[in-house]
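A quick write-up on the structure given underneath.
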Amino acid sequence: MMTMRDRIQTKRDEYVTRAISNGNRNIAMKAKGATIIDIEGKEWIDFAAGIGILNVGHSHPKVVAAIKSQVDKFIHPGFNVMMYENYIKLAEKLSTLIPVSYKAGVGLFNTGAEAVENAVKMARKYTKRNGVVSFTRGFHGRTNLTMGMTSKVNPYKKGFGPFAGELYQAPYPYMYRKPANLSKEAYIDSVISDFKDFFIATVSPKEVACVVMEPVQGEGGFIIPPKRFVEEVYEFCKENGILFIADEIQTGFGRTGSMFAIEQFNVEPDLMLLSKSIAAGLPLSAVAGRHEVVNAPGPGELGGTFSGSPVACEAALAVLEVIEEENLVERAETVGRKMEDKLKELQNKHAFAGDIRRLGAMVAIELVEDKESKKPNAEATTTIAQYANESGLLLLTAGIYSNVIRFLAPLVITDKELTKGFQILEEAFQQVE
Ligand SMILES: Cc1ncc(COP(=O)(O)O)c(C=O)c1O
C-alpha cells in the first residue's frame with residue numbers, strides 16, 4: 001500500500017517542475033528550533049536551516065507572535081501605495097546596525113537575488129558606469145543578471161544564456177587549493193596581483209560601477225578569503241571610484257560570530273546585501289549602505305509589488321530582538337567550535353575528509369579522494385548527504401566541485417540536537433568506507 005509520503009511524492013512528480021531540487025523526500029509537518037517533525041512523526045535534526053535562513057530557529061515564539069499580530073492588523077497595502085511604520089522602523093534599525101561610520105539608508109525587497117539586482121541598479125545610477133565585477137566561485141542568485149554574476153556553470157548557468165552584458169568575474173583566493181610550491185603569503189600576493197591585472201587585461205576600472213563580494217563564499221564551498229586580499233580589493237575600489245558591495249545574504253545576522261562577516265575584514269562596504277536569516281523564513285531582503293548611493297535612483301525607479309512586506313518587516317524586527325536577547329552572535333562561536341571539533345574527529349578517522357573551514361557557525365568540510373592529491377570527491381559527498389537525508393539529519397552540500405558538506409544549523413540549536421545530529425553524521429561518514 002502507498003504511504004502518505006509516497007502519495008504526496010507521486011503528486012509532486014506529476015505537478016511540480018523537476019527543476020526544483022528534491023534533496024529530502026520526507027514531508028514536514030511541524031518545526032521548532034533545530035528540529036522538524038515529518039508527517040510520519042519522525043524527528044529530523046536540521047543542519048540546513050532552509051539554506052541559512054533560520055539563525056533564530058524554526059517558528060521562534062517571538063517571531064510567530066510578531067507575524068500573528070501583524071496579520072491581524074493588515075497584510076499588505078503596498079509600501080508604495082500606502083506606507084506603514086514597521087518598514088521604516090526596520091530601515092532605521094538596519095541603517096544603524098550595519099558596520100559603517102557614514103550615514104546609511106535602506107531599500108527593502110523580497111529575495112537575495114532582488115537585493116543584488118537593486119544594488120547594481122543603485123551603483124550604476126550613482127557611478128554612471130556599467131561594469132559589475134563579481135568573483136570566481138561566487139553565487140549571487142538565479143535571475144538573469146545574478147546568474148551572469150554567478151560562477152558555477154552546472155546547474156546554475158548551463159543552457160540559460162545569454163546573460164546580461166558588462167559582467168566580469170575576478171579571481172578570489174582558495175587557500176586549500178593553492179599551488180603546492182607557493183607559501184601562503186606568496187599565494188595571496190599572486191591572487192592580489194592577478195586581481196589587479198584583471199583590470200588591465202579584462203575591464204577598465206573606470207568603467208566599473210561596483211565590485212560585489214561574498215565575505216565568505218557560500219555556495220562556492222564556504223571559502224574564507226585572507227583579510228589581506230579583501231583589504232586590497234577594497235583599497236583598489238576606493239582608489240578607482242568603484243563601489244565595494246558586500247553580499248552578506250548567507251553570512252549575515254550572526255552566522256559567522258559577528259553580526260556581519262565583513263566586520264572581521266577591516267573594510268567599510270559602500271552597500272551591504274542582506275536577506276535569508278533577516279526574517280526567520282519570510283521572504284525579505286535589504287540593500288543597506290551609503291545614503292547618497294541608495295538615493296541615486298529617483299522616485300519610482302526601484303520597488304516591486306511585494307517589496308518590504310509588513311508581515312516580513314514585523315518578523316525581522318522580532319529576529320533582531322531575539323539575536324540580541326539570546327546572545328546568538330556569541331552562540332555562533334560555541335556552535336561552530338563544537339562542529340569543528342566533531343569534524344576534526346572525522347578528519348582523523350577518514351582519508352577522504354579534507355579541509356575543514358569555519359568562521360563562527362559557518363562550517364564546512366571539503367571531501368577529497370585522499371589528503372595528498374586533494375582530488376575533489378563528489379561521490380563521497382553525495383553518499384553522505386543522501387544517507388543523512390534518509391536517516392534524520394538535514395544536510396546540505398556546496399562547492400564548485402560539489403564536494404563540500406556545509407553546516408548552517410540554527411544558532412539556537414541545543415546540545416542535545418547537536419549530539420543527535422553528530423551521531424547521524426558519523427554514521428553517514430562510515431557509509432563511504
Ligand atoms: C551569497 C548569496 N547571494 C545571493 C543569493 C540569492 O538569494 P535568493 O535565493 O534569495 O535569491 C544567495 C542564495 O543562496 C546567496 O547565498
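Remember, it's 1-based here, ligands and their atoms both numbered in the order they're listed.
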If you count the atoms of ligand 1 from 1 in the order shown, which ones are under 4.0 Å from a heavy atom of H140?
3 (N), 4 (C), 5 (C), 6 (C)
Please determine if I249 has a nitrogen or oxygen closer than 3.5 Å to a nitrogen or oxygen of ligand 1.
no
Check each atom of ligand 1 against the heavy atoms of Q250 and keep those under 4.0 Å away; list them by number with element.
14 (O), 16 (O)
Among K374, E366, K375, side chain to side chain donor-acceptor pair (under 3.5 Å) partner for N403:
E366
Which residue and heavy atom of the protein sit nearest atom 3 (N) of ligand 1, plus the separation:
D247 OD2, 2.7 Å
Using only heavy-atom distances, determine whether the side chains of Y156 and E219 contain a donor-acceptor pair under 3.5 Å.
yes
Going by distance alone, is a donor N or O of one side chain under 3.5 Å from an acceptor N or O of the other, for R124 and N130?
no
So the atoms of ligand 1 within less than 4.0 Å of a heavy atom of A113 turn out to be 6 (C), 7 (O), 8 (P), 11 (O)
So, D355 and R357, do they make that salt bridge, N to O below 4.0 Å?
yes
Between T35 and E417, do the side chains contain a donor N or O and an acceptor N or O under 3.5 Å apart?
yes
Residue E214 vicinity, atoms of ligand 1 by number, heavy atom under 4.0 Å:
1 (C)
Specify side chain, backbone, both or neither for R142, according to which of its non-hydrogen atoms lie closer than 4.0 Å to ligand 1.
neither
Test of ring centre spacing under 6.0 Å for F222 and F407
no
Distance flag for atom 14 (O) of ligand 1, protein heavy atom under 4.0 Å
yes
In ligand 1, which numbered atoms sit nearer than 4.0 Å to a non-hydrogen atom of E219?
14 (O)
Gap separating the CD1 atom of I413 from the NZ atom of K420, nearest 0.5 angstrom:
11.0 Å
Sub-3.5 Å N/O-N/O distance, G112 and ligand 1
yes
Any nitrogen or oxygen of K276, main chain or side chain, under 3.5 Å from a nitrogen or oxygen of ligand 1?
yes
No-hydrogen, no-angle side-chain donor-acceptor test under 3.5 Å, Q264 and S258:
yes
